[in-house]
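Positions are given from 1 along the sequence.
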Amino acid sequence: MVQGKYNPLITVGVIAYNSGEYILDLLESVKAQTYQNIELIVSDDKSSDNTVAISKEWISKNKERFVRAEVIIPEHNTGTAGNYNRALFAAKGEWMKFIDGDDIMFPNCLEDNVAFVTSHPEANVVFSDILYFTDAKNPSNKHFVSEEEKRFFEKGAYEQFMFV
């Protein structure tokens, strides 16, 4: 019997707080993913701007693109850890991709991540490279993680733990 292509549900957890200026670009970048099996969770941390309204309106117009999509809003601001945890606990995906409300993903991000875990079944965590932007539309050549720092992630768990 031929096995089908690995197609796990990926939860994209958008961590937002006063991200109204950028959230549409982020949401459009999630929609534009070449990978299709996506759940979208926007976890807002009680923004005082229009982040929630923009996110809800966008999701109402684009929900058919996703297996599931929702905006989560707490009763009060809980800080970064609480915001991440809300998204994590709401997630139904086999894999979780966190992204902040003022970032974007390249269209092949999730597809590349799934290809990586397919060829590295021992992987429990996948870390995507990050590029800084020089302006709203143009990524720079500056990477968030240096080549030396990338080598850290090539080490085993014990070596990472013992790294000073």
Enumerate, atom names and distances included, each donor-acceptor pair closer than 3.5 Å involving a side-chain atom of residues 116-125, sequence neighbours excluded.
unit_1 : atom_1 : unit_2 : atom_2 : d
Thr118 : OG1    : Val114 : O      : 2.7
Ser119 : OG     : Ala115 : O      : 3.2
Ser119 : OG     : Phe116 : O      : 3.2
His120 : ND1    : Phe116 : O      : 3.1

Enter the distance from Met105:CE to Glu28:CD here, rounded to the nearest 0.5 Å. 12.0 Å
When you compare the side chains of Tyr22 and Asp100, does any donor N or O come within less than 3.5 Å of an acceptor on the partner? no
Would you say the side chains of Asn62 and Arg65 form a donor-acceptor pair under 3.5 Å? no
Side chains of Tyr35 and Asn7, heavy atoms from C-beta outward: is any pair under 4.5 Å? yes
Looking at residues at least two apart in the chain, or sitting in another chain, which of them share a side-chain contact (heavy atoms from CB on, under 4.5 Å) with Thr51? Ala16, Ser19, Ile23, Asp44, Ser47, Asp49, Ser55
Do the side chains of Leu26 and Asp102 get nearer than 4.5 Å, heavy atoms only? no
Is a side-chain donor-acceptor pair under 3.5 Å present for Thr11 with Arg68? no
Heavy-atom pair with the smallest gap, counting every atom of Pro107 and Ala32: CB-O, 3.8 Å
Test question: given the 4.5 Å side-chain rule for I, L, V, M, F, W and Y, name all other residues clustered with Val67, or answer none. Leu9
Counting only N and O atoms by type, is there a donor-acceptor contact under 3.5 Å from the side chain of Asn77 to the main-chain atoms of Lys46? no
Leu27 side chain reached by Leu40 side chain, heavy atoms, under 4.5 Å: yes
Quick one: hydrophobic cluster around Met96, which other residues, with the 4.5 Å side-chain cut-off, linked directly or via members? Ile15, Tyr84, Leu88, Phe98
Residue pairs meeting salt bridge (Lys or Arg N to Asp or Glu O under 4.0 Å), one or both in residues 6-15, sequence neighbours left out, come to none
Out of curiosity, Ile38 CD1 to Trp95 CH2, how far, rounded to the nearest 0.5 Å? 15.5 Å
Using 0.5 Å steps for rounding, measure from the CD1 atom of Ile10 to the CD atom of Gln36. 12.5 Å
Would you give the length of the straight line joining atom CG of Asn50 to atom NZ of Lys56, rounded to the nearest 0.5 angstrom? 13.0 Å
For Ile59 and Val42, run side chain to side chain contact (heavy atoms under 4.5 Å, CB included): C-alpha distance rounded to whole Å, both residues' side-chain angles, the deciding distance at 0.1 Å, then the answer. CA-CA 10 Å; Ile59 285 175; Val42 177; 4.2 Å; yes
Can you find a pair of side-chain heavy atoms, one from Tyr6 and one from Pro8, that are under 4.5 Å apart? yes
Residues, nucleotides or ligands: over 12 heavy atoms within 6.0 Å of Glu21 CD: no
Is any side-chain heavy atom of Lys97 closer than 4.5 Å to a side-chain heavy atom of Leu110? yes
Stepwise, does the side chain to side chain contact (heavy atoms under 4.5 Å, CB included) test hold for Val52 with Ile54? CA-CA 5 Å; Val52 170; Ile54 291 170; over 6 Å; no
Is there a donor-acceptor pair closer than 3.5 Å between any side-chain N or O of Asp103 and the backbone N or O of Ile99? no
What's the shortest heavy-atom distance between Thr80 and Asp45, and which atoms? N-OD2, 4.4 Å
Evaluate the side chain to side chain contact (heavy atoms under 4.5 Å, CB included) criterion for residues Val14 and Ser43: first the C-alpha distance (whole Å), next the side-chain angles of each, then the deciding distance (0.1 Å), finally the verdict. CA-CA 6 Å; Val14 176; Ser43 181; over 6 Å; no
Between Asn108 and Thr34, does any side-chain donor sit less than 3.5 Å from a side-chain acceptor? no
How would you list all residue pairs meeting salt bridge (Lys or Arg N to Asp or Glu O under 4.0 Å) that involve residues 74-83, not counting sequence neighbours? none
Phe66 backbone acceptor or donor facing Glu39 side chain under 3.5 Å: no
